[in-house]
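One structure is given below, encoded as structure tokens.
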Amino acid sequence: DTAVSQTPKYLVTQMGNDKSIKCEQNLGHDTMYWYKQDSKKFLKIMFSYNNKELIINETVPNRFSPKSPDKAHLNLHINSLELGDSAVYFCASSQARGESPLHFGNGTRLTVT
Amino acid sequence: GENVEQHPSTLSVQEGDSAVIKCTYSDSASNYFPWYKQELGKGPQLIIDIRSNVGEKKDQRIAVTLNKTAKHFSLHITETQPEDSAVYFCAVLNSGYSTLTFGKGTMLLVSP
């Protein structure tokens with residue numbers, strides 16, 4: 001059983017388009033996250049949700065809008081895609097904030113042409 | 001905010017050798033230090049973590065040491081095997097926001 005699943009695995013699109021990435025976790029965790037991993041493998045947090053409430057919003061352009069319809073889902077919508085948005089996006093979850101281990105999905109590789 | 005430095009960026013060893021990866025951090029109030037392993041095409045996975053009230057923790061071939069005074073911690077892998085080849089990330093829990101700041105990763109290559 002996949003604990004944190006995200007779709008699609010690959011996403012190729014043109015500049016200016018709008019796209020969404022979906023994430024679901026079946027671990028019963030309270031907290032979910034979106035991380036961005038750039039071409040140099042650097043992992044940076046974008047958003048953190050706790051019980052469907054936005055907790056953390058790092059310095060991310062407002063073209064990125066997370067949506068959490070329920071505790072098990074955290075989707076990421078990106079408007080007006082730019083070349084610099086090309087990266088691997090990881091969804092993750094943890095039982096609680098703080099010292100709880102993060103469980104990552106396998107990532108969505110977004111390529112903007 | 002928290003600043004986490006990780007070295008080396010790449011590390012090549014022969015099977016059976018030991019590997020050591022080091023990280024330093026800036027916020028002396030930080031108290032939780034996990035290590036994650038990322039295999040090709042997959043998300044990072046927690047392999048070991050340490051809290052500031054402990055100086056060393058071992059789990060089979062993997063150990064982590066912490067020096068709070070010097071603000072650095074290290075991952076030690078003994079008797080390396082080809083399946084240990086991956087990118088390893090250290091991380092530090094930000095005391096203010098309860099989120100992790102990751103190091104830039106170390107690509108470990110274990111040659112048979």
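Chain letters run A, B, ... following the sequence lines, proteins first and then strands; every chain starts at 1.
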For chain A, find its close neighbours in residues 45-57 of chain B: heavy-atom separation under 4.5 Å, sorted by number, or none.
-> Leu46(B), Arg51(B)

If only atom types and distance count, is the side chain of Ser86(A) paired as donor or acceptor with the main-chain N or O of Val112(A) below 3.5 Å?
-> yes

Does CG in Leu83(A) sit with more than 12 non-hydrogen atoms of other residues, nucleotides or ligands closer than 6.0 Å?
-> yes

Under 3.5 Å donor-acceptor, Asp70(A) side chain and His73(A) backbone = yes

Return yes if some donor-acceptor pair links the side-chain N/O of Arg109(A) with the main-chain N/O of Tyr10(A) below 3.5 Å, else return no.
-> no

Should the heavy atoms of other residues, nucleotides or ligands under 6.0 Å from CD of Gln14(A) be counted, would the total exceed 12?
-> no

Does a side-chain heavy-atom distance below 4.5 Å link Tyr88(B) with Leu11(B)?
-> no

List the steps, then state whether side-chain hydrogen bond (donor to acceptor under 3.5 Å, both in side chains) holds for His77(A) with Ser20(A).
-> CA-CA 4 Å; His77(A) 189 76; Ser20(A) 292; 2.5 Å; yes

How long is the gap from CZ on Phe64(A) to CD1 on Ile21(A), to the nearest 0.5 Å?
-> 8.5 Å

Any residue of residues 13-35 of chain B which, by heavy atoms, sits under 4.5 Å from chain A | Asn31(B), Tyr32(B)

Between the main-chain N or O of Cys90(B) and the side-chain N or O of Gln6(B), is there a donor-acceptor pair closer than 3.5 Å?
-> yes

Quick check: does any side chain N or O of Arg63(A) sit under 3.5 Å from a backbone N or O of Asn79(A), one acting as donor and the other as acceptor?
-> yes

Is Lys22(A) paired with Glu24(A) through a side-chain N to carboxylate O contact shorter than 4.0 Å?
-> no

Please confirm whether the backbone N or O of Ala70(B) pairs with a side-chain atom of Asn67(B), one donor and one acceptor, at under 3.5 Å?
-> yes

Donor-acceptor under 3.5 Å (Gln25(A) side chain, Leu27(A) main chain) | yes

For Glu2(B) and Phe102(B), indicate whether the former's side chain and the latter's backbone hold a donor-acceptor pair under 3.5 Å.
-> no

Under 4.5 Å, counting heavy-atom pairs only, tell me which of Gly43(B), Gly41(B), Ala91(B) racks up the most with chain A.
-> Gly43(B)

Tell me, yes or no, whether the heavy-atom count around Asn62(A) atom CG, taken from other residues, nucleotides or ligands under 6.0 Å, exceeds 12.
-> no

Taking heavy atoms only and a threshold strictly under 4.5 Å, list by residue number the residues of residues 103-112 of chain B that touch chain A; give 'none' if the list is empty.
-> Gly103(B), Lys104(B)

Residue Lys9(A) excluded, over 12 heavy atoms near NZ under 6.0 Å = yes

Contact listing (chain B partner; residues 28-48 of chain A; heavy atom under 4.5 Å) | Tyr35(A), Gln37(A), Lys40(A), Lys41(A), Phe42(A), Leu43(A), Ile45(A)

Establish, from distance only, whether the side-chain atoms of Asn17(A) and Thr13(A) form a donor-acceptor pair under 3.5 Å.
-> yes

